[in-house]
Amino acid sequence: MLSTATYRFSSYPSSPPLNQIRRFSSAASVEYPPIHHHPQWSGLDRWRRSPLNRDRCWGPNGPIEEKPCEIELRPTTSPPSFSSCSSLAEMGGVVLSSADPLTKAKLTHFAYTKWRLGDLPVGFSHPPSRPARPPKPQLVSPKEIPPPKSSGLPLNAYMLHNLAHVELNAIDLAWDTIVRFSPFIDLLGEGFFADFAHVADDESRHFTWCTQRLAELGFSYGDMAAHSFLWRECEKSSDDVAARLAVIPLVQEARGLDAGPRLVNKLMGFGDHRTSNIVAKIADEEVAHVAVGVYWFVSVCQKMGRAPASTFTEILQEYNVEVKGPFNHSARQEAGIPKEWYDPLSTTKEENKLSKVYDRLACIISMEQENSSLGK
């Protein structure tokens, strides 16, 4: 077992400590501790300081603000009131308890907007055991997901539905991270919660784009079965922030970096350029989310006095998490994930190549020495 000490949690205090009630007025007021001896995504600071993104619809040429959107997407239920919420964590609890997907996405943007523009503390709240879900889609095991030909959806809608499901789960994963670890703001710092609230807002925008495009194609989220694999992975790390960061951003979200370009190419081959543009934009923005995970994982490891690389490997072994290729090495490197973290064979291959070179050089030197001695 990892000795994560103060970072492994299984119970919650009955009320937030007094020193947790801090005020937040703007993104510029949040401080981020430096991390040492580890590469970071070059755009991380720019992403953190970026203004609120209100481009929640996909126009003729890309993202646009919600108001001019051609297809009106209204939640099927009235959103719960945020009037009684006095903190970011309490808002997150409301989002997690909202079953309707579009309501969840809209409340996420409302909460993040209020957090960014208002004067709210991180606060404290209890997360539900599982996020609320609508009656559809039916959740099954990954092996029970129908193949495209028997799904009842054309290939582009099939792939888009799968992506929408990933994005909806990503909203809940970000909020669960905020709410679950809200009692430990003194250990993690306010920047941790600011970053994951930003991630949640991005994911809600991505889900809205996917839902809009599905509607344009004549379908909706819930028209085919989906899996619950992502949330099962989340539950594994419910008591350990280092494990949460390793399992979700550095494994699950990093898979999006690998799959994004392949999905874009398939959609282009199918002839759906509009959907491929949406997916390409989402894949591009996911780099920031993986980079956030890298930053906070390294930061937590430094606080624990542990080496990030070996800690990452030990966590995956402890939680039985497998990292599968093929890998998008360039996107992972851009996000700050070293190759040796997820592809240890690459290090072995390089060592084997060097070993073969050294063996060949030794053989050549030995032959030259032998020829020299024969010539005497």
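Index from 1, following the sequence. Source: prediction; values computed, not measured.
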Does a donor on one side chain sit under 3.5 Å from an acceptor on the other, for R56 and S204? yes
State which residues pass side chain to side chain contact (heavy atoms under 4.5 Å, CB included) with Q302; sequence neighbours excluded, sorted by chain then number. I35, H36, V298
Do D201 and W115 pair up side chain to side chain, a donor and an acceptor below 3.5 Å, judged on atom types alone? no
List in chain and number order the residues that pass salt bridge (charged side-chain N to carboxylate O under 4.0 Å, His left out) with D195, two or more places apart in sequence or in another chain; answer none if no residue qualifies. R48
Hits for side chain to side chain contact (heavy atoms under 4.5 Å, CB included) against L173, two or more places apart or cross-chain, chain-then-number order -> W231, C234, I248
Output every pair passing salt bridge (Lys or Arg N to Asp or Glu O under 4.0 Å) with a member in residues 246-266, not counting sequence neighbours, ordered by first then second residue. D258-R332
Using the ring of each side chain (for Trp, its six-membered ring), is Y221 parallel, tilted or perpendicular to H161, with breaks at 30° and 60°? parallel
Who pairs with S276 by side-chain hydrogen bond (donor to acceptor under 3.5 Å, both in side chains), at least two apart in sequence or on another chain? none
Identify whether the distance between the nearest side-chain nitrogen and carboxylate oxygen of D343 and K339 falls below 4.0 Å. no
From OH (Y112) to NE2 (H198), nearest 0.5 Å: 4.0 Å
Please determine whether salt bridge (Lys or Arg N to Asp or Glu O under 4.0 Å) holds for the pair D272 and R213, giving the CA-CA distance in whole Å, both sets of side-chain angles, and the decisive distance to 0.1 Å. CA-CA 11 Å; D272 189 348; R213 182 58 181 151; 3.0 Å; yes
Side chains of N169 and H165: is there a donor and an acceptor less than 3.5 Å apart? yes
With P338 via side chain to side chain contact (heavy atoms under 4.5 Å, CB included) - residues at least two apart: H38, E340, W341
